[in-house]
Undergrad: 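Got a structure here, written out as structure tokens. Questions coming.
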There are 2 protein chains.
Amino acid sequence: MTAEPVDEVLGALADPTRRALLDALARRGAASASALAADLPVSRQAIVKHLTVLEQAGLVSSARTGREMRYTPRSAPLDATARWLADLATSWDRRLDAIKRAAESEDP
Amino acid sequence: MTAEPVDEVLGALADPTRRALLDALARRGAASASALAADLPVSRQAIVKHLTVLEQAGLVSSARTGREMRYTPRSAPLDATARWLADLATSWDRRLDAIKRAAESEDP
DNA sequence: CTGAACTGCAACCCTATGGTTGCACGAGAG
DNA sequence: CTCTCGTGCAACCATAGGGTTGCAGTTCAG
């Protein structure tokens, strides 16, 4: 049912290290795994793993230049997920409102 | 740095079972753990654990009526998180744009 | 009063996953 | 040509966390 990209985005965003990584990436604009490893308190390998997850979620894109692997943040999935959340919120509100109104018109 | 509620909301939303649980809850408007256990393919105890996580994230509120514990979905954290994500997206865009412009005015 | 319906606590299992280290390989820099 | 930098792969460790079962305690229904 929810095979949509939102799954992966939420999963990716759930990890604090990954969020810090995205933050560092956005600050630099684009960077390699080794460069990012200098910023964060984890090994380069850990960062590579996180970047893989983020890329699968569409939150970063990778491009090789020579021996370097450059990662760039992608905002589109963020926007999509934000809309998804907002829609879900209004959907809840509508439903709860309907239920409340139904109860009011029956009880008293 | 990110001790904000967004942390917990993202973490809570990352789990598919939890999302299904929220969906069932929104559909019913409000329900007890036992009632929800009938809908989902997991034990009541598992559901209780999930509800605890969701409540800590502010996504549901609980109220006891007699021997029943009734849970209600809360949309506010969803909206807040949606706004957070949207803001983050625009922040990225601004930054990347600035970097790109800077590169253009220097290189050629 | 007795039994059924729900909740709450605790002990446990097991897999997913965040993290590490070590090594081998391709590509520039000198 | 050689040295070094950065990547990629693989094995491995340890904890968090999703899930279960069992049991004791409340609160309502008959």
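In what follows, every heavy atom counts, from backbone to side chain, and hydrogens, waters and symmetry copies are set aside. Just so it is clear: chains get the letters A, B, ... in the order the sequence lines come, proteins before strands, and each one is counted from 1.
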Undergrad: Considering residues at least two apart in sequence or located in another chain, which fulfil the side-chain contact (heavy atoms from CB on, under 4.5 Å) criterion with A:A89?
TA: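 side-chain contact (heavy atoms from CB on, under 4.5 Å) list for A:A89, sorted by chain: B:S75, B:L78, B:D79.
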Undergrad: Considering only nitrogen or oxygen atoms on both sides, find all protein atoms under 3.5 Å from nucleotides 17-19 of chain C and state each distance.
TA:
residue: C:dG18; atom: OP2; partner: A:R18; partner atom: NH1; Å: 3.1
residue: C:dG19; atom: OP1; partner: A:T17; partner atom: OG1; Å: 3.2
residue: C:dG19; atom: OP2; partner: A:H50; partner atom: NE2; Å: 2.5
residue: C:dG19; atom: N7; partner: A:K49; partner atom: NZ; Å: 3.0
residue: C:dG19; atom: O6; partner: A:K49; partner atom: NZ; Å: 2.5

Undergrad: Quick check on the hydrophobic clustering: are B:L88 and B:L96 connected, directly or via other members, by side-chain heavy-atom contacts under 4.5 Å?
TA: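 Shared cluster, no.
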Undergrad: Can you give each donor-acceptor pair under 3.5 Å made by side-chain atoms of residues 56-63 of chain B, sequence neighbours left out, with the distance rounded to 0.1 Å?
TA:
residue: B:S61; atom: OG; partner: B:R74; partner atom: NE; Å: 3.1
residue: B:S61; atom: OG; partner: B:R74; partner atom: NH2; Å: 3.3
residue: B:S62; atom: OG; partner: B:E55; partner atom: OE2; Å: 2.6

Undergrad: In this structure, how many angstroms lie between the P atom of C:dC6 and the CD atom of B:Q45, rounded?
TA: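 These atoms are roughly 14 Å apart.
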Undergrad: So what is the end-to-end bend of the helix from C:dC1-D:dG30 to C:dC25-D:dG6, with 5 pairs used at each end and the value given to 10 degrees?
TA: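 Between the first-five-pair axis and the last-five-pair axis there is 20°.
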Undergrad: Output all residues satisfying salt bridge (charged side-chain N to carboxylate O under 4.0 Å, His left out) with B:D93, sequence neighbours left out; order by chain, then residue number.
TA: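 Here no residue qualifies.
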Undergrad: Could you tell me which residues satisfy side-chain contact (heavy atoms from CB on, under 4.5 Å) with A:A30, sequence neighbours excluded, listed by chain and number?
TA: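 With sequence neighbours excluded, A:A30 shows a side-chain contact (heavy atoms from CB on, under 4.5 Å) to A:R70, A:T72, given in chain and number order.
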Undergrad: Once you round it to whole Å, what is the distance between P of D:dC23 and CZ of B:R44?
TA: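 Between P of D:dC23 and CZ of B:R44: 14 Å.
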Undergrad: If a pair satisfies salt bridge (Lys or Arg N to Asp or Glu O under 4.0 Å) and one of its residues is in residues 28-42 of chain A, list it, with sequence neighbours excluded.
TA: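 Found A:R28-A:D39.
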Undergrad: Is a salt bridge present between A:R19 and A:D23, judged by a nitrogen-to-oxygen distance below 4.0 Å?
TA: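 Salt bridge: no.
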Undergrad: Show every donor-acceptor pair shorter than 3.5 Å between a side-chain atom in residues 42-54 of chain B and any protein atom, with sequence neighbours excluded, or say none if there are none.
TA:
residue: B:S43; atom: OG; partner: B:A46; partner atom: N; Å: 3.2
residue: B:H50; atom: ND1; partner: B:R18; partner atom: NH1; Å: 3.2
residue: B:T52; atom: OG1; partner: B:V48; partner atom: O; Å: 2.8

Undergrad: side-chain hydrogen bond (donor to acceptor under 3.5 Å, both in side chains) with A:D87: which residues, sequence neighbours excluded?
TA: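 Testing A:D87 for side-chain hydrogen bond (donor to acceptor under 3.5 Å, both in side chains), a comparison that skips the adjacent residues, returns none.
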Undergrad: Near DNA chain C, which residues from residues 56-73 of chain B have a heavy atom under 4.0 Å away?
TA: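 Correct list: B:R64, B:R67, B:M69.
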Undergrad: Apply side-chain contact (heavy atoms from CB on, under 4.5 Å) to B:A80 and list each qualifying residue two or more places apart in sequence or on a separate chain.
TA: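 Per chain and number, B:A80 pairs via side-chain contact (heavy atoms from CB on, under 4.5 Å) with no residue.
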